[in-house]
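Working notes for the structure below.
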Number of protein chains: 2
Amino acid sequence: MAQNWHQVDVDRNLAALERAAGLEDLQAVIVDLCEAYRINHMVYHWVNSQGDQYGCGTYSPAWVARYIEKEYLRVDPVILGCNQRFHPVDWKRLDWSSKAARLFRSEAIEYGVGNQGFSIPMRGPNGQYALFTASHSCSDDEWQVFKNQHRRPLILLAHFFNQKALEFEPERVPEASRTLSPREVDAMTFLAMGYNRAKAADTMEISEHTLRVYIESARFKLGAVNTTHAVARAMSRGLIVV
Amino acid sequence: MAQNWHQVDVDRNLAALERAAGLEDLQAVIVDLCEAYRINHMVYHWVNSQGDQYGCGTYSPAWVARYIEKEYLRVDPVILGCNQRFHPVDWKRLDWSSKAARLFRSEAIEYGVGNQGFSIPMRGPNGQYALFTASHSCSDDEWQVFKNQHRRPLILLAHFFNQKALEFEPERVPEASRTLSPREVDAMTFLAMGYNRAKAADTMEISEHTLRVYIESARFKLGAVNTTHAVARAMSRGLIVV
DNA sequence: AAACAACTCCCCAGAAATAGCGAGGCCGCT
DNA sequence: AGCGGCCTCGCTATTTCTGGGGAGTTGTTT
């Protein structure tokens with residue numbers, strides 16, 4: 001069977017990660033981690049649905065630039081595959097059947113990305129989505145041993161990388177808003193579920209007029225200009241669970 | 001300082017968890033975990049976007065029944081607080097200021113829930129959301145020691161519980177609606193920002209008629225009955241970020 | 001006791017969203 | 001070369017929502 005991989009002091013890595021105070025620190029940590037784990041690449045990659053992305057890692061700047069320029073975000077089977085999964089995934093198990101995907105892969109390898117890869121999706125509030133990836137060039141057997149040995153600490157690393165990334169995001173400051181009253185919460189919830197006012201009022205066993213008062217007052221408290229806006233704000237502030 | 005908590009064989013727990021083949025196994029694992037960690041309660045709690053919920057854990061059936069019957073999902077500060085967070089959270093740091101929340105808390109304690117708690121939010125594809133919680137009755141100092149000692153393995157446990165739950169209940173994950181097209185994402189985003197159709201169309205530099213087509217097609221893809229519903233679903237599935 | 005927040009009900013006119021029909025051009029994939 | 005997805009534009013009628021008013025009860029907090 002294949003080699004045994006280097007033993008890694010997981011606690012030390014995690015402690016360094018938790019001390020990090022900015023993206024540069026994360027970059028330093030990730031370089032250290034690569035050396036500690038004796039693999040070619042590690043990458044933390046934040047993706048949002050608007051197509052913005054950033055992160056840190058050891059891929060060559062040329063590859064990163066090309067990835068962004070070519071909008072490989074929309075092609076990369078790692079991104080697309082992890083989008084519908086929770087569990088970490090080996091690159092081999094993704095769907096490489098399309099022509100675009102195979103082209104992407106061979107190009108990635110040209111730019112120094114490993115032939116093996118293991119990616120862990122992480123998701124935060126409001127649809128935040130990020131990947132933590134370990135990549136290396138080696139045989140399938142060797143890679144299998146690596147995964148077995150390090151899968152769990154890698155999950156923890158992914159978790160803490162994402163935690164740090166969220167901390168560093170300025171716009172994620174929890175904006176304090178007056179809490180909604182219970183009936184207002186109900187009203188927002190039913191509207192978010194697609195009920196129209198008649199049905200929501202019926203469900204809440206109040207008149208539609210009364211319901212409107214709740215919607216209006218919730219809208220006012222949330223600083224929203226219309227019902228849809230109010231529901232969106234209530235959701236993104238975590239005031240309702242839908 | 002407080003006692004030192006029992007040493008736990010993390011790898012053995014995780015291995016048992018990974019062998020689990022059904023919800024009953026998860027229940028058995030969680031009972032074992034409680035004993036191993038010497039705490040009163042552990043709970044895995046899946047919260048569905050429709051307000052359905054299920055899970056496993058050691059809370060008394062009476063409390064679980066009451067929780068569901070009273071729809072405490074919409075009151076529970078743990079659920080609401082974790083909704084906006086990524087990192088694990090101590091119950092003390094949540095918002096207990098509302099009257100409903102304080103009532104909920106005292107009732108929970110009556111039903112045997114611990115005065116201390118530590119909850120780890122987990123998120124899967126399409127807005128799946130679950131909590132893994134450890135709860136105990138003890139002093140703040142003791143709980144602090146427990147958290148410091150076991151935080152990381154608890155995160156791993158949360159991860160694997162959620163992984164298993166997703167394996168067992170694939171039909172509960174909201175179906176992967178075909179992803180919205182870029183223009184549909186734009187439309188949903190502007191509506192979530194409170195723009196009316198005229199302003200959204202203006203911002204997107206298209207006619208209002210065209211905008212309506214996007215709204216309609218997004219609504220169809222999302223299985224939503226109206227615009228507000230569509231925006232809410234797009235948000236809870238992480239298709240738009242506002 | 002007074003103030004305040006929450007809950008309930010009511011009217012009306014104008015603005016906005018929805019449901020139902022169209023149309024054509026562009027692009028990528030098979 | 002055809003299929004499907006996406007982007008763009010149009011019409012009409014009906015339903016629903018919004019933004020102004022107002023008023024009374026309960027309960028908690030100061």
Side-chain angles (χ1 to χ4, degrees), chain A residues 51 70-72 74-75 80 95-104 177-232 239, chain B residues 74-75 97-103 176-188 190-232 239:
Chain A
K70 291 283 182 180
E71 294 194 53
Y72 280 149
R74 306 205 182 280
V75 176
L80 299 174
D95 176 18
W96 298 94
S97 61
S98 85
K99 197 181 157 192
R102 285 194 303 273
L103 270 174
F104 167 78
S177 57
R178 290 165 64 198
T179 56
L180 300 179
S181 79
R183 294 302 255 176
E184 286 160 356
V185 171
D186 290 345
M188 290 293 106
T189 302
F190 289 128
L191 293 176
M193 287 163 59
Y195 289 15
N196 61 21
R197 300 200 300 200
K199 184 168 181 190
D202 200 49
T203 308
M204 289 170 67
E205 294 183 312
I206 56 177
S207 76
E208 193 177 323
H209 306 283
T210 305
L211 176 70
R212 274 177 47 193
V213 177
Y214 295 136
I215 298 171
E216 289 294 295
S217 68
R219 211 176 41 133
F220 182 74
K221 285 181 181 177
L222 293 164
V225 301
N226 60 35
T227 302
T228 301
H229 194 197
V231 169
L239 301 173
Chain B
R74 313 216 173 277
V75 177
S97 60
S98 86
K99 196 187 157 194
R102 284 193 303 272
L103 271 173
S177 45
R178 278 169 312 173
T179 50
L180 299 180
S181 77
R183 293 302 254 176
E184 287 161 354
V185 171
D186 291 345
M188 290 293 105
F190 289 129
L191 292 175
M193 288 164 59
Y195 289 16
N196 60 21
R197 300 202 298 199
K199 184 167 178 191
D202 200 49
T203 308
M204 289 170 67
E205 295 185 308
I206 55 177
S207 76
E208 194 178 326
H209 306 282
T210 304
L211 176 71
R212 273 174 44 194
V213 176
Y214 295 136
I215 299 172
E216 289 294 295
S217 70
R219 218 183 55 194
F220 181 74
K221 285 182 181 178
L222 294 164
V225 301
N226 60 34
T227 302
T228 300
H229 194 195
V231 169
L239 301 175

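We name chains A, B, ... by the order of the sequence lines, and we start the count at 1 in each one.
- When the side-chain nitrogen and oxygen atoms of B:Ser207 are compared with OP1 and OP2 of D:dT8, none of them lie within a distance under 4.0 Å.
- For B:Ser217, no side-chain nitrogen or oxygen approaches OP1 or OP2 of D:dC6 to under 4.0 Å.
- Considering only side-chain atoms of B:Pro182, the nucleotide from C:dC11, D:dC7, D:dC9 that sits closest is D:dC7.
- Regarding contacts with the backbone of C:dC7, every side-chain N or O of A:Thr210 stays at 4.0 angstrom or more from both OP1 and OP2.
- Within the 4.5 Å cutoff, the side chain of A:Leu211 has no heavy atoms near those of the A:Phe190 side chain.
- At whole-Å resolution of the value, CE in A:Met204 and P in C:dC9 are 10 Å apart.
- Using cut-offs of 30° and 60° on the angle between ring planes, the pair A:Tyr72 and A:Phe104 is perpendicular.
- Considering only side-chain N and O atoms, A:Lys221 lies nowhere under 4.0 angstrom from the phosphate OP1 or OP2 of C:dA5.
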*A:Asp95 and A:Leu80: CA distance, side-chain angles, deciding distance, side chain to side chain contact (heavy atoms under 4.5 Å, CB included) verdict*: CA-CA 9 Å; A:Asp95 176 18; A:Leu80 299 174; over 6 Å; no

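- Between B:Tyr214 and D:dT8 there is a side-chain polar atom (N or O) within less than 4.0 angstrom of OP1 or OP2.
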B/S/- along nucleotides 13-30 of chain C (protein heavy atoms under 4.0 Å) is ---SBBBB----------

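- The side chain of B:Ser181 sits closest to D:dC6 out of C:dC10, D:dC6, D:dG10.
- Between D:dG5 and B:Arg183, no contact under 4.0 Å exists linking OP1 or OP2 to a side-chain N or O.
- The pair B:Asp186-B:Arg183 meets the salt-bridge criterion, with a side-chain N (NZ, NE, NH1 or NH2) lying under 4.0 Å from an Asp/Glu carboxylate O.
- For D:dC17, the OP1/OP2 oxygens have no side-chain nitrogen or oxygen of A:Lys199 closer than 4.0 Å.
- Nearest heavy-atom pair across B:Ser181 and B:Lys221 is N-NZ, 3.8 Å.
- One finds the CE atom of A:Met204 at 9.0 Å from the OG1 atom of A:Thr210 (value rounded to the nearest 0.5 Å).
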